[in-house]
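By convention in this document, chain letters (A, B, ...) are assigned in the order of the sequence lines, proteins followed by strands, and residues within each chain are numbered from 1. Predicted model, so just to flag it, every value in this text is computed and none were measured. Only this structure's heavy atoms are used, side chains among them; waters, hydrogens and symmetry mates stay out.
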Amino acid sequence: AQSVTQPDIHITVSEGASLELRCNYSYGATPYLFWYVQSPGQGLQLLLKYFSGDTLVQGIKGFEAEFKRSQSSFNLRKPSVHWSDAAEYFCAVGYHNNNDMRFGAGTRLTVKP
Amino acid sequence: EAQVTQNPRYLITVTGKKLTVTCSQNMNHEYMSWYRQDPGLGLRQIYYSMNVEVTDKGDVPEGYKVSRKEKRNFPLILESPSPNQTSLYFCASSFTSLAGGTDTQYFGPGTRLTVL
């Protein structure tokens with residue numbers, strides 16, 4: 001069965017430090033990969049997505065993610081975290097001609113001053 | 001303004017009392033979907049719709065119904081709600097990608113449902 005794993009439930013980083021949030025998926029076909037962010041009390045907003053082509057994708061708010069097929073991973077990174085980045089982050093996977101979407105359980109990011 | 005709206009935003013009800021949560025989008029999206037969000041479980045898809053009169057089950061469809069009579073609306077119906085359906089519900093919509101899968105989804109603000 002298709003699944004998406006975000007191994008880290010909660011991460012705390014200091015403002016200005018770098019960030020990496022992990023995402024692994026299980027499925028053999030080429031997936032569509034997404035990262036969404038959810039601020040408290042809000043819906044989800046797309047940060048970035050990968051469909052094909054360059055495996056390093058740039059998103060909004062200075063985020064980037066790299067698709068590594070050999071590791072079935074799509075980790076999210078940011079070189080310098082800002083206090084406003086505190087939120088919950090969800091990795092999601094969709095599949096070509098398979099219209100269900102699978103979300104990871106989420107990683108909650110806390111930013112220390 | 002492009003948006004997905006849901007109503008109501010908050011609802012407290014009792015076991016067995018039928019309810020409907022409405023969802024509407026103004027972006028002419030073909031694809032619409034309902035999710036529930038529970039702590040530690042992330043978002044789980046309930047139902048989705050590829051277009052008018054086309055709906056399909058997601059991961060957790062039991063206890064829910066949907067309909068898609070118009071492109072812009074995708075109501076979620078709980079015929080006989082139970083306490084285990086207490087959750088935060090999100091509606092989302094998107095265009096379908098050129099390759100046929102779903103593209104970027106736009107989410108509504110959420111509906112917090114409590115079933116007593």
Co-membership, hydrophobic cluster, residues [X] and [Y], 4.5 Å side-chain:
X     : Y     : result
B:L19 : B:L76 : yes
B:I46 : B:M50 : no
B:L88 : B:Y35 : yes

Handout entry: Under 4.5 Å from a heavy atom of chain B, the part of A:L44 involved
Key =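 Contact with chain B is through both the backbone and side chain of A:L44.
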Handout entry: A:Q38 versus chain B, the contacting section by heavy-atom distance below 4.5 Å
Key = side chain
Problem - Nearest non-hydrogen partners of B:G40 and A:A105, listed with the distance - result: O-CB, 3.5 Å
Taking everything shown except [X] itself, do over 12 heavy atoms lie less than 6.0 Å from its [atom1]?
X     : atom1 : value
B:R44 : CZ    : yes
A:R77 : CZ    : yes
A:L56 : CG    : yes
A:I9  : CD1   : no

Handout entry: Residue B:Y106 versus chain A: region with a heavy atom under 4.5 Å
Key =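 B:Y106 has no heavy atom closer than 4.5 Å to chain A.
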Problem - Structural part of B:D59 lying under 4.5 Å from a heavy atom of chain A - result: side chain
Can you check whether [X] reaches [Y] side chain to side chain, under 4.5 Å on heavy atoms?
X      : Y      : value
B:L43  : A:R102 : no
B:T104 : A:K49  : yes
A:M101 : B:Y48  : no

Completion exercise
Rounding to 0.5 Å, atoms CZ (B:F90) and CZ (A:F103) come to a distance of 10.0 Å
Practice task
Step by step, work out the side-chain contact (heavy atoms from CB on, under 4.5 Å) result for A:Y36 and B:Q105.
Solution key: CA-CA 9 Å; A:Y36 287 89; B:Q105 292 189 69; 3.5 Å; yes
